[in-house]
Amino acid sequence: PMPFQTLMPHFAGMLKDSHVRPYLRLWLELASLSASGEESYGKMARKIGDLFYAWLVTELQVDREESRADLAALAFVTIEGFVFIDAIGRDAIIQGALEAITTDSAQ
């Protein structure tokens with residue numbers, strides 16, 4: 001397990017990995033098809049999302065157990081935001097977010 005501040009840079013680093021990137025693009029495509037009302041794709045997207053969230057719940061190192069689910073939710077939406085922002089080519093936004101996450105400069 002890793003703390004949130006360590007896990008986010010780890011995932012951000014995977015955005016450009018040639019072994020991971022095709023799966024991230026597929027995930028975006030599934031989300032797009034789901035958003036357009038394609039229920040079969042929505043079902044797949046929800047299943048993948050649920051599995052990823054469940055994995056995050058187990059992999060996050062937390063100080064207080066009662067914050068685990070909320071922190072996993074924050075990690076999930078942050079990572080998915082990174083995937084989207086990477087897809088539109090705005091790496092500087094991801095870097096700014098990582099800076100805020102790792103230095104507590106957002107507070």
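Position 1 is the first residue of the sequence, and the numbers go up from there.
Among all heavy-atom pairs drawn from Met8 and Ala75, the shortest one is CE-CB, 3.7 Å. Of all the heavy atoms in Thr102 and Pro9, the pair that sits closest is CG2-CG, 3.6 Å. Among all heavy-atom pairs drawn from Ser67 and Val62, the shortest one is OG-CB, 4.2 Å. Residues Leu28 and Phe84 share a closest heavy-atom pair of CD2-CA, 4.4 Å. Between Gly42 and Ser34 the shortest heavy-atom distance is CA-OG, 3.1 Å.
Looking at heavy atoms from C-beta onward, Met44 lies out of side-chain contact with Leu33 at the 4.5 angstrom threshold. Considering only heavy atoms from C-beta on, Val83 stays 4.5 Å or farther from Arg25 through its side chain. Under the 4.5 Å side-chain criterion, counting only non-hydrogen atoms from C-beta, Phe11 is not in contact with Thr78. A 4.5 Å side-chain heavy-atom check between Leu74 and Asp70 finds every atom pair outside the cut-off.
Rounding to the nearest 0.5 Å places CD of Gln61 at 7.5 Å from OG1 of Thr6. With rounding to the nearest 0.5 Å, the separation of CD1 in Ile85 from CD1 in Ile94 is 6.5 Å. Here the straight-line distance linking atom CD of Glu29 with atom CG of Leu24 works out to 13.5 Å at 0.5 Å rounding. Here the straight-line distance linking atom CE of Met14 with atom CD1 of Ile79 works out to 9.0 Å at 0.5 Å rounding. A distance of 14.5 Å separates CD in Gln95 from CZ in Arg90, rounded to the nearest 0.5 Å. The distance from the CG atom of Leu15 to the CG atom of Asp86 is 4.5 Å, given to the nearest 0.5 Å.
Remark: Glu39 engages Arg46 in a side chain to side chain donor-acceptor pair (under 3.5 Å) (not counting sequence neighbours).
Hydrophobic cluster membership differs between Leu26 and Phe82, with clusters built from Ile, Leu, Val, Met, Phe, Trp and Tyr side chains linked at under 4.5 angstrom. Trp27 and Val77 fall into different hydrophobic clusters, defined by Ile, Leu, Val, Met, Phe, Trp and Tyr side-chain heavy atoms under 4.5 Å apart, directly or through other members.
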Exercise. Side chain to side chain contact (heavy atoms under 4.5 Å, CB included) between Lys16 and Asp91: does it pass, once the steps are laid out?
Worked result: CA-CA 10 Å; Lys16 305 293 185 191; Asp91 294 344; 3.3 Å; yes
Per-pair distances, 0.1 Å, donor-acceptor, side chain in residues 47-57, under 3.5 Å, sequence neighbours excluded:
from, atom 1, to, atom 2, distance (Å)
Tyr53, OH, Ala69, O, 3.2

